[in-house]
Amino acid sequence: MATFFPNHQPQKMSYRLHYDVVVVGGGHAGCEAATAAANMGAATLLVTMDMNKIAQMSCNPAVGGIAKGQIVREIDALGGQMGIVTDATAIQFRMLNRSKGPAVWSPRAQCDRGKFIWKWREVLDSTPHLDILQDQVDGLIVEEGTAVGVTTIWGMEIRANCVIITAGTFLNGLLHIGRKQVAGGRIAEPAVAKLTESITRHGITTARMKTGTPVRIDKRSVHFEDLEVQDGEHDFHQFSFISKPRPLQQLTCWICYTNPEVHQVLLSGLADSPLYNGQIQSIGPRYCPSIETKLVTFPDRTQHMLFLEPEGENTNEMYLNGFSSSMPMDVQIEALRRIPAFRDLKVYRPGYAIEYDFFDPTQLKHSLESKVIAHLFMAGQVNGTTGYEEAGGQGTVAGINAALLCGGGQPFLMQRDESYIGVLIDDLVTKGVDEPYRMFTSRAEYRILLRQDDADARLTERAYELGLATRERYDWWLEKKEGIQRILQICQQTAIHPKDVNGMLEHLGTTPLHYGCKAVDLLGRPQVDMTALMEMVPRLKETIETLPNRKEEITEAAEVLMKYKGYIDRERVIADKMRRLEDIKIKGHFDYMNMTQISIEARQKLARINPETLAQASRIPGVSPSDINAMLVLMGR
């Protein structure tokens, strides 16, 4: 697959390789990018510093969560791998937000960290057209404004039609524990020097961000009798639309709380905290603050909830969710020993903070190709995001578009009403970031259309047309689609007579019927679900029982479509109106700095970002509705 060029000249590159796509970094973005590009037929090379830490879960060994779970289901619907790997290595699964509407239901799984890595290795090793190289990239090769390859610290020159940078937190990474600072991309792993500089010399701007991770605890030292149990769920839900049931033992998580004694110890060490002694200047994630930040921000709180979570089936290592910290090691340990369950605490390692380089994402196109350097793509934390899921979604899009660019195809783009990944990328490209970006359901204005249950309905057919989703995925979607339609048809056509159902309706606590109706009308009542409706409509029950696969998943999807039809239809109308602005192309039509009809701020922001469409322009902070109206008038002229 690769082309080798022996070079025997002394003190020069010992080998040159050539690929269609080279992916720099073996984290969650890199793994998805590499498999996506390779599965679309591009000769792909994944360069990683350590093949034994592929897709390392650097912080919590968990996938999904609020809005993040939707992203993972979208990756899966597109033909990506994160959902399959998660299901195969999950040791606890929960569907979050069940008490709310299905627009915000979000799957989350705790995983076995080690098995997650090796399952990903299995996926990569079995992917055609994909090679792996253990090396460290230290330079980007740019010729005439186009990325044409990379160089490595071990003397390799790798030429490629497209380069994807997914270096995570490794670019000039700096670790902090108290006043101690050590260069590194993760604990015990070296930082990557020079690569940032080889990119920024071509005009791409960079800044610094900060993130952190909690202490790791030896479970043999924990008094579990002083903790609250948090069990997982064992129903049909999972991440991948095509996974088999979860194979690993399902484990318990635990809950405890800090207390005033804990807070007193932490506050006494605040002078040595890198966050407050001037050591760290960069911005950390607002929505995942360190424990010391919680104490400073919420001084009146007497306790904060912590989650103790297993790192795997067969390890004593446990993760203390909610206690991210870069305080000195002795302060962290002494504070935790003031919690009854941790009075005899032993730790594997303390929490730490890390600062790293990222690149301004407004310098990217929606395809994640750089506007500054052609054929250079970026994905993951190098774009200012945080989270495995956000990284994986970007990696999937970057890998798809790199493969398409190599083949001369048009970019693959997703709109805001099509996927959370589309919202994520649009936010990055049009708004930029001033803190690590984390996805929430509130960021999506069309979240009723972007549910976790219908990611395959939104994306699988597009992915199959691209050649990324397999025939197996596509056939499963067709089978599911047919099953949903059969259920909808029965519910829309079956007449219900009051005498047949009023007894059950009264038992369910809802008003009895005075006149006949269709079965679908009954499902609109909050007290009536599909289980109850099947008892009222025997034909519906018989139809569902004859479905060949995944009966529960199909039934749930059909129920959501019927129960929330009014909300879904209304949001679709709004989204279609905005789509008309998406169709108005403006790139190259305006000299923004000379447009006196719009505000000075709008001129500066539009000139810097140079949006593709009027809808994208409308989402740029500082561009007002009156500015958009002025541009519409000018477009009319």
Side-chain angles (χ1 to χ4, degrees), residues 20-23 28-44 70-83 127 129-130 147 160-166 361 364-371 374-380 383 385 389-430 446 449-450 455-471 473-474 477 575 579 582-583 585 587 611-613 615-616:
D20 294 324
V21 177
V22 60
V23 179
H28 302 273
C31 287
E32 293 291 356
T35 51
N39 283 326
M40 290 180 65
T44 304
Q70 282 88 328
I71 290 176
V72 179
R73 298 215 83 184
E74 290 171 357
I75 293 170
D76 182 73
L78 286 168
Q81 307 300 317
M82 184 178 282
T127 300
H129 314 297
L130 176 60
N161 296 331
C162 291
V163 176
I164 305 176
I165 303 294
T166 67
L364 297 173
K365 303 174 184 177
H366 280 72
S367 63
L368 296 182
E369 183 187 8
S370 172
K371 296 176 182 176
H375 292 221
L376 174 66
F377 293 80
M378 294 184 177
N383 288 340
T385 63
E389 304 83 3
E390 290 89 342
Q394 293 172 71
T396 302
V397 171
I400 290 170
N401 282 310
L404 288 171
L405 185 58
C406 290
Q410 293 299 308
F412 171 74
L413 308 174
M414 288 183 285
Q415 304 296 333
R416 295 180 70 90
D417 63 343
E418 195 173 9
S419 69
Y420 272 92
I421 300 173
V423 173
L424 163 66
I425 292 173
D426 186 65
D427 281 352
L428 293 176
V429 172
T430 60
Y446 307 119
L449 303 179
L450 306 181
D456 49 356
R458 292 181 271 121
L459 299 171
T460 294
E461 292 193 20
R462 287 193 68 188
Y464 184 67
E465 291 169 0
L466 283 171
L468 181 56
T470 63
R471 184 74 209 190
R473 287 178 187 268
Y474 184 60
W477 159 239
R579 281 256 179 160
E582 297 284 4
D583 292 336
K585 306 295 183 183
K587 189 169 185 178
E612 295 281 344
T613 70
Q616 291 170 19

task = May I ask you to decide if Thr35's main-chain N or O and Asn39's side chain share a donor-acceptor pair within less than 3.5 Å?
result = yes
request  = Working to the nearest 0.5 Å, report the span between CE of Met378 and CD1 of Ile164.
outcome  = 11.5 Å
task = Determine the minimum heavy-atom distance between Glu32 and Gly80, stating which atoms define it.
result = OE1-CA, 3.6 Å
Side-chain donor-acceptor contacts of residues 398-409 below 3.5 Å, not counting sequence neighbours, with atom names and distances?
{"residue": "Asn401", "atom": "OD1", "partner": "Phe412", "partner atom": "N", "Å": "2.5"}
{"residue": "Asn401", "atom": "ND2", "partner": "Ser367", "partner atom": "O", "Å": "3.2"}
{"residue": "Asn401", "atom": "ND2", "partner": "Val397", "partner atom": "O", "Å": "3.1"}
{"residue": "Asn401", "atom": "ND2", "partner": "Phe412", "partner atom": "O", "Å": "3.1"}

task = Please report the closest heavy-atom contact between Thr127 and Ala38, naming both atoms and the distance.
result = CG2-CB, 3.8 Å
ask   = CD of Glu612 to NE2 of His366: how many Å apart, nearest 0.5 Å?
value = 8.0 Å
query = Which pair of non-hydrogen atoms, one from Gly41 and one from Asp20, has the smallest distance, and what is that distance?
reply = O-OD2, 4.4 Å
message = So Met414 and Leu78, do their side chains get closer than 4.5 Å, heavy atoms only?
response = yes
ask   = Can you tell me if Glu369 uses its side chain to pair, donor with acceptor, with the backbone of Ala374 under 3.5 Å?
value = no
query = NE2/His28 to CD/Glu390 distance, rounded to the nearest 0.5 angstrom?
reply = 11.0 Å
task = Please tell me if the side chains of Asp76 and Arg473 come closer than 4.5 Å, counting only heavy atoms from C-beta onward.
result = yes
Donor-acceptor under 3.5 Å (Thr460 side chain, Ala77 main chain) = yes
Minimum heavy-atom distance between Cys162 and Phe377, given as atom pair plus value = SG-CE1, 3.9 Å
request  = Tell me, with the steps shown, if Glu389 and Val72 meet side-chain contact (heavy atoms from CB on, under 4.5 Å).
outcome  = CA-CA 6 Å; Glu389 304 83 3; Val72 179; 3.5 Å; yes
ask   = At what distance, to the nearest 0.5 angstrom, does CD1 of Ile71 lie from CD1 of Ile421?
value = 6.5 Å
note = Taken to the nearest 0.5 Å, the spacing of Glu582 CD from Asp426 CG works out to 7.0 Å
request  = Any chance you could lay out the side-chain contact (heavy atoms from CB on, under 4.5 Å) test for Leu428 and Leu364, step after step, and finish with the verdict?
outcome  = CA-CA 9 Å; Leu428 293 176; Leu364 297 173; over 6 Å; no
inquiry  = Would you say that Arg458 contacts Arg73 through its side chain, given a criterion of any heavy-atom pair below 4.5 Å between the two side chains?
reply    = no
query = Can you name the closest pair of heavy atoms from Ile75 and Gly392 and give their distance?
reply = CD1-C, 3.5 Å
inquiry  = For Asn161 and His375, which I'm curious about, is there any donor-acceptor pair between the side chains at under 3.5 Å?
reply    = no
message = What's the separation between atom CZ in Arg416 and atom CG in Leu450, rounded to the nearest 0.5 Å?
response = 9.5 Å
inquiry  = If we ignore hydrogens and angles and just use 3.5 Å, is the side chain of Glu74 paired with the main-chain N or O of Tyr420 as donor and acceptor?
reply    = yes
task = Not counting sequence neighbours, which residues clear side chain to side chain donor-acceptor pair (under 3.5 Å) with Thr385? List them please.
result = Gln394
query = Which atoms form the tightest heavy-atom contact between Leu459 and Ser419, and what is the distance?
reply = CD1-CB, 4.2 Å
